[in-house]
Amino acid sequence: MAKKPFCYLDNNATTRVAPEVLEAMMPAFTENWGNPSSAYGFGSRVSRLIDESREKLAALINADPREIVFTSCGTESNNTAFNSALRSQPDKRHLVTTAVEHSANIKFGKHLIEQGYEVTFLPVEEDGLPDLCRLQDSIRPDTALVSVMYANNETGVILPLDEISAFVRAKGVLFHSDAVQALGKIPIDVRSLGIDMMSLSAHKLYAPKGVGALFVRNGVKLHPYLIGGGQERGRRGGTENVPYIIGFGRAAELAKELIETCHSTTRALRDRMENTLLREIPRVARNGSKDRRLGNTSNLSFAGLEAEAILKKLDQLGICASSGSACSTGSLAPSHVLTAMGLPPARALGSIRFSLGRENTDADVDYLLEHLPKIIEQLRAETP
Ligand code: PLP
């Protein structure tokens, strides 16, 4: 029987571990399996490997290695940043973030509100970008943190961190960014961006799931979220996930080498895919800014249809893509990101995110272009 095709267009969800990354990780399971906190040489050798990874990740974002704290995921990094900003400034009880953040931040913000804090979720315009005057006006004397994501996971829209940091810093407020989707897709320079804390995750960067990092600018006090041993210079308790941290470091090194070429190849593939779909399928619309966007992401609405029906048909053909809809109490809720951008529920529910990656080729785009127009035509013919 012929092997079912596999066409993975969901790289913002996760990526396959690169062979070089896996190769770098393996000795940490078989040879260098000591505890990095142990005082003998077998332990300190492992500790050095962690520090090499720290250097590689720091180099990718122009940080000092001492500014990198390894965590278990992007979610933990985000939660740590919010928690630390409030714990280290107990007189401040207000946070500012946007309505299009990852659910890690939206839900943590709501959890803080339940605990008596105040959180401003800034609205965005139709293009997915916040109104900067409103952002500026929302900062108060008791604001502990402003947190704005670098690139949105559903639309790929890139938010103007440099402009935002200028006025956040002028007001003396801590500035955090969730850069989980930006890492490896666009160059990141924490110095020129004026960032105090930045969340990163390995599994969007061709490294394993379950390891992340928080950049904490030298001079910014970090209150640990996981309280335990003195790991990560007392900033994050818990024995380090050594093999995965080594994988993260190797992935960062590869990303630094490949970022330019991958970005232009992926962008060309994405543009060909998107332009053809917009041209060939009636009543398709792009969601989010066309130009201020990651080169790999395309979020499209197919009028009159539900994304889940389209995704099911694509899945039958071995094509992986996703929608931002969330299952809540047995029915589908439209994506909070698209809703915040002002899309009516029906259009949001008919939206699909295609996210390309390093491994995609022209053949993947051709395969999608061969099938998707027919699927849409067929589903529309069946839909009253
Ligand atoms: N932030 C953004 C923008 C994301 O896209 C994701 C994952 O999809 C996360 C945070 C959470 O990262 P992790 O899966 O490592 O917890």
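This chain uses plain numbering: 1 for the first residue, then up along the sequence. Order of listing sets the numbers, starting from 1, for every ligand and every atom in it.
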Consider every N or O of N12 and every N or O of ligand 1, then say whether any pair is closer than 3.5 Å. no
Using only heavy-atom distances, determine whether the side chains of R353 and N153 contain a donor-acceptor pair under 3.5 Å. no
Go through ligand 1 atom by atom and flag the ones less than 4.0 Å from a non-hydrogen atom of H203. 13 (P), 14 (O), 15 (O)
Which residue and atom name correspond to the protein heavy atom nearest atom 7 (C) of ligand 1, and how close is it? K204 NZ, 2.9 Å
When distances are taken from atom 5 (O) of ligand 1, the protein heavy atom at minimum range is Q181 NE2, 2.8 Å
Side chain, backbone, both or neither: the part of E101 lying under 4.0 Å from ligand 1 by heavy atom: neither
Is it the side chain, the backbone, both or neither of M149 that has a heavy atom closer than 4.0 Å to ligand 1? side chain
Nearest protein heavy atom with distance in Å, relative to atom 4 (C) of ligand 1: H102 CD2, 3.3 Å
Is D366 salt-bridged to R272, cutoff N-O under 4.0 Å? yes
Measure K209 to ligand 1 on non-hydrogen atoms and call it side chain, backbone, both or neither using the 4.0 Å cut-off. neither
Once you restrict to heavy atoms under 4.0 Å, what part of V180 touches ligand 1? Side chain, backbone, both or neither. side chain
Quick one: does NZ or CZ of R16 land under 6.0 Å from the six-membered ring centre of Y8, within 45 degrees of the ring axis? no
Once salt bridge (charged side-chain N to carboxylate O under 4.0 Å, His left out) is applied, what residue pairs with a partner in residues 50-63 remain, sequence neighbours excluded? D51-R54, R54-E232, K56-E253
If only side-chain N and O atoms count, and only distance matters, is there a donor-acceptor pair under 3.5 Å linking S355 with T297? no
Just to confirm my output: which protein heavy-atom neighbour is closest to atom 16 (O) of ligand 1, and how far is it? T75 OG1, 2.6 Å
The single option from N11, N360, N12 that satisfies side-chain hydrogen bond (donor to acceptor under 3.5 Å, both in side chains) with N296 is N12
Would you tell me whether N241 and S72 have side-chain atoms, one donor and one acceptor, within less than 3.5 Å of each other? no
In ligand 1, the atoms that come under 4.0 Å of a heavy atom of C73 are 13 (P), 15 (O), 16 (O)
Going by the order shown, which atoms of ligand 1 are within less than 4.0 Å of some heavy atom of S201? 13 (P), 15 (O)
The protein heavy atom nearest to atom 13 (P) of ligand 1 is G74 N, 3.5 Å
Aromatic ring pairing F108/H111, orientation class (parallel under 30°, perpendicular over 60°, tilted between): tilted
Can you tell me the protein heavy atom closest to atom 10 (C) of ligand 1 and the distance? D178 OD2, 3.4 Å
Ligand 1 and A151, any nitrogen or oxygen pair closer than 3.5 angstrom? no
Give a yes or no on whether K209 atom NZ has more than 12 heavy-atom contacts from other residues, nucleotides or ligands under 6.0 Å away. yes
Are a donor atom and an acceptor atom from the side chains of R270 and S298 found within less than 3.5 Å of each other? no
